[in-house]
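Here is the structure we will look at, set down as structure tokens.
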Amino acid sequence: MTSRRTGQFLAALTFDVEAERTTIRFANSAHAVPQARRFLQEQLSTWGFTRNDELTDRVLLVASELVTNSVVHGRSLSASQIEILTVSLSLKPGVALGLLVTDNSPKVPVPVIRPTHAEGGRGLRLVTAIADGWAAAPTTREGEVVGKGVWAFFDWPDEAAQLKRGRVERQGRAAGEER
């Protein structure tokens, strides 16, 4: 993805007054992954996306990867201390949907190539394949780096796909009603 495209996504999702946004905070632990998925699925449903939408599936899978990365790699305090991660969802209808995961680690993620027998290390490659783009940057407070944010961007589903999906769902309901 080009930096121009990243800038377009960020401008639409963070600065546009018509964009809708929601954020939730979780303890940075393994419990955050299913909690984030539930939160995101409920919010996507509120915005009109069903569980059967391809976009919903893509967002939930990418969220699982980014939150897991935050849990595994994003802690900066000892395991005995509570640390917070945030999950934000931004929607600009007709343009894009964005997912942001922030944590306390200043280490910005970089995709790596792992041996085929390695058990992990493919999360960002998966994010690259599923999202329409992603970016990461340090977060700052009063000029000091205090963590990082990782964005994943998703283009708005085109109208033809939405119409087709609506037709298929109506046909499925009609077939189910005939039984």
Side-chain angles (χ1 to χ4, degrees), residues 1 6-51 53 55-93 95-111 120-128 130-156:
M1 176 177 63
T6 299
Q8 291 170 334
F9 276 126
L10 287 171
L13 295 168
T14 60
F15 301 116
D16 194 304
V17 295
E18 296 175 1
E20 297 180 50
R21 297 170 196 86
T22 186
T23 299
I24 193 165
R25 298 177 192 285
F26 299 105
N28 192 338
S29 72
H31 298 293
V33 179
Q35 291 171 337
R37 287 179 60 90
R38 278 191 298 278
F39 164 75
L40 293 169
Q41 184 160 352
E42 288 172 11
Q43 185 59 48
L44 289 168
S45 177
T46 299
W47 286 341
F49 295 95
T50 68
R51 179 61 185 109
D53 280 319
L55 182 62
T56 299
D57 288 340
R58 293 171 59 212
V59 170
L60 295 178
L61 183 54
V62 168
S64 293
E65 289 300 323
L66 294 182
V67 174
T68 298
N69 282 354
S70 181
V71 169
V72 173
H73 306 290
R75 292 192 55 88
S76 61
L77 303 175
S78 71
S80 64
Q81 295 177 295
I82 295 176
E83 215 166 335
I84 302 297
L85 67 87
T86 62
V87 176
S88 302
L89 199 59
S90 298
L91 171 75
K92 172 70 172 145
V95 178
L97 187 137
L99 169 68
L100 172 64
V101 177
T102 62
D103 61 41
N104 295 336
S105 172
K107 297 178 188 171
V108 176
V110 178
R122 294 179 187 84
L124 289 177
R125 288 178 41 204
L126 187 60
V127 169
T128 300
I130 295 171
D132 294 310
W134 70 273
T139 56
T140 60
R141 187 178 314 120
E142 299 175 8
E144 185 178 328
V145 174
V146 294
K148 70 173 167 301
V150 181
W151 275 97
F153 310 108
F154 303 87
D155 286 319
W156 188 256

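FYI, the numbering just counts along the sequence from 1. Note: hydrogens, waters and symmetry copies are ignored here, and every other heavy atom, side chains too, is used.
Residues Phe9 and Ser90 fail the side-chain proximity criterion, which asks for heavy atoms closer than 4.5 Å. A 4.5 Å side-chain heavy-atom check between Asp132 and Arg58 finds at least one atom pair inside the cut-off. Contact of the Ser64 side chain with the Arg37 side chain is registered, since non-hydrogen atoms from C-beta on lie closer than 4.5 Å. At a threshold of 4.5 Å between non-hydrogen side-chain atoms, the residues Val150 and Pro109 count as touching. Considering only heavy atoms from C-beta on, Leu55 stays 4.5 Å or farther from Trp156 through its side chain. You'll find the side chain of Gln41 reaches within 4.5 Å of the side chain of Leu60, heavy atoms only.
Heavy-atom neighbours of Glu144 CD from other residues, nucleotides or ligands within 6.0 Å: at or below the threshold of 12. Within a 6.0 Å sphere centred on CZ of Arg51, other residues, nucleotides and ligands contribute more than 12 heavy atoms.
Closest approach of Pro106 and Val145 over heavy atoms only: CB-CG1, 3.6 Å. What you find for Ala12 and Val95 is that their closest heavy atoms are CB-CG1, 3.9 Å. The shortest heavy-atom contact between Ala32 and Leu85 is CB-CD2, 4.1 Å. The two residues Asn104 and Glu83 have their closest heavy-atom pair at ND2-CG, 2.7 Å. Counting all heavy atoms, side chain and backbone alike, Ala137 lies closest to Val108 at C-CG2, 4.3 Å. Closest non-hydrogen pair, Leu99 versus Phe154, comes out as CB-CE1, 4.4 Å.
For the atom pair OG1 of Thr56 and CG of Leu40, the computed distance is 10.0 Å after rounding to the nearest 0.5 Å. Here Ser76 contributes atom OG and Asp103 contributes atom CG; the two are 8.0 Å apart, rounded to the nearest 0.5 Å. The structure places CH2 of Trp134 at 14.5 Å from CH2 of Trp151, a figure rounded to the nearest 0.5 Å.
Arg21 and Ser88 are not linked by any side-chain donor-acceptor pair at a separation below 3.5 angstrom, with hydrogens and angles left out of the test.
Listed for the Glu65 side chain is no donor-acceptor partner under 3.5 Å among the backbone atoms of Val127. Listed for the Ser70 side chain is no donor-acceptor partner under 3.5 Å among the backbone atoms of Leu66. The main-chain N or O of Ser78 is found under 3.5 Å from a side-chain atom of Arg75 such that the two form a donor-acceptor pair.
Considering Leu44, Leu13, Leu100, Ile24 in turn, Leu44 is the only one that fulfils the side-chain contact (heavy atoms from CB on, under 4.5 Å) rule with Leu89.
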>> Test side chain to side chain contact (heavy atoms under 4.5 Å, CB included) on His73 and Ser105; report intermediate values, then the result.
In response: CA-CA 8 Å; His73 306 290; Ser105 172; over 6 Å; no
